[in-house]
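Both backbone and side-chain heavy atoms feed into the values below; hydrogens, waters and symmetry mates do not.
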Amino acid sequence: MATEAEVAAVRAVVDGIAESWAANDPDGFADAYAEDASMVLSGDRYFKGLEVIRKMTVHQFKTAHKGTTLLQNIVDLRFLSPETAVVVTEGGVLTDGETEPHPARALRATWVMAKNGEGWKIAAYQNGRLADQPLQGE
């Protein structure tokens, strides 16, 4: 069972991503990822490696996500081992004045966190659009 300190440390990574996003800080954002991390984003976008994630984030903070914030509510957090945690968040990208994301920007994400000599890092992240519609064929 994870200690309160370990739970807090994993939560701090998620919170740090939101703080870096709000500060338009691509380095703070990227530095939360492990060197060999993978990121899969809605729209079938795939990024592999810390420096690729950093480069993408620099671009996004200058363009599509400039002036936005990120809402990430942790809905599940569990430890698979003392060095591995899985987090599920719900939220999305907020524009000025929003407290809830527009449905087109509402996301659910899965984070795989790994503890190494530097502390907790994101090893893998994947998000997708929240969809309350039934699957085709239902």
Side-chain angles (χ1 to χ4, degrees):
M1 180 163 210
T3 66
E4 287 183 33
E6 292 296 334
V7 171
V10 168
R11 287 180 169 276
V13 174
V14 175
D15 292 344
I17 288 290
E19 291 164 7
S20 294
W21 187 299
N24 209 27
D25 176 8
D27 289 320
F29 183 96
D31 289 343
Y33 285 81
E35 194 68 36
D36 62 347
S38 62
M39 176 187 275
V40 179
L41 302 178
S42 60
D44 197 29
R45 296 172 288 161
Y46 173 72
F47 305 95
K48 177 70 175 167
L50 173 61
E51 294 311 318
V52 172
I53 292 168
R54 184 183 316 278
K55 183 177 178 181
M56 177 276 303
T57 306
V58 166
H59 174 73
Q60 288 298 307
F61 284 178
K62 287 181 180 177
T63 59
H65 294 308
K66 185 175 183 176
T68 63
T69 57
L70 188 61
L71 175 66
Q72 299 179 125
N73 296 316
I74 295 175
V75 296
D76 190 23
L77 189 162
R78 70 182 92 164
F79 287 79
L80 304 179
S81 76
E83 294 84 27
T84 310
V86 174
V87 179
V88 177
T89 57
E90 292 180 351
V93 178
L94 304 175
T95 60
D96 195 31
E98 287 183 327
T99 58
E100 293 291 323
H102 182 278
R105 290 179 269 105
L107 302 170
R108 180 175 293 120
T110 301
W111 313 54
V112 178
M113 306 276 203
K115 187 177 182 182
N116 62 26
E118 300 177 38
W120 288 94
K121 296 285 185 175
I122 304 165
Y125 173 90
Q126 181 170 4
N127 74 27
R129 304 273 185 226
L130 284 176
D132 293 324
Q133 302 170 2
L135 295 174
Q136 289 182 350
E138 288 186 342

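For the atom pair W120 CH2 and K115 NZ, the distance stands at 6.5 Å (nearest 0.5 Å). We find the CD1-CE distance between I122 and M39 to be 7.0 Å, quoted to the nearest 0.5 Å. I74 contributes atom CD1, which lies 8.0 Å from atom CH2 of W111 (distance to the nearest 0.5 angstrom). Atom OG1 in T95 sits 12.0 Å away from atom NE2 in H65 (nearest 0.5 Å). Going from atom CZ of R108 over to atom OG of S42 covers 13.0 Å, rounded to the nearest 0.5 Å. Rounded to the nearest 0.5 Å, atoms CD (E100) and CG (L94) are 7.5 Å apart.
Within the structure, every pair that satisfies the side chain to side chain donor-acceptor pair (under 3.5 Å) test and touches residues 16-26, not counting sequence neighbours, is listed here: W21-T68. Identified under the side chain to side chain donor-acceptor pair (under 3.5 Å) test for residues 29-40, with sequence neighbours left out: D31-R54.
Distance alone, capped at 3.5 Å, places no donor-acceptor pair between the N73 side chain and the T89 backbone. No side-chain donor-acceptor contact under 3.5 Å links E6 to the backbone of T3.
The minimum heavy-atom distance between R105 and R129, with the atom names listed, is CA-NH1, 3.9 Å.
V40 pairs by the side-chain contact (heavy atoms from CB on, under 4.5 Å) definition with Y46, Q126, not counting sequence neighbours.
Using a 4.5 Å cut-off on side-chain heavy atoms (C-beta onward), L107 and P101 make no contact. At least one side-chain heavy atom of V14 sits under 4.5 Å from a side-chain heavy atom of V87. For the pair L41 and Y125, the minimum side-chain heavy-atom distance is below 4.5 Å.
With 3.5 Å as the limit, one finds no donor-acceptor pair spanning the side chains of Q60 and T57.
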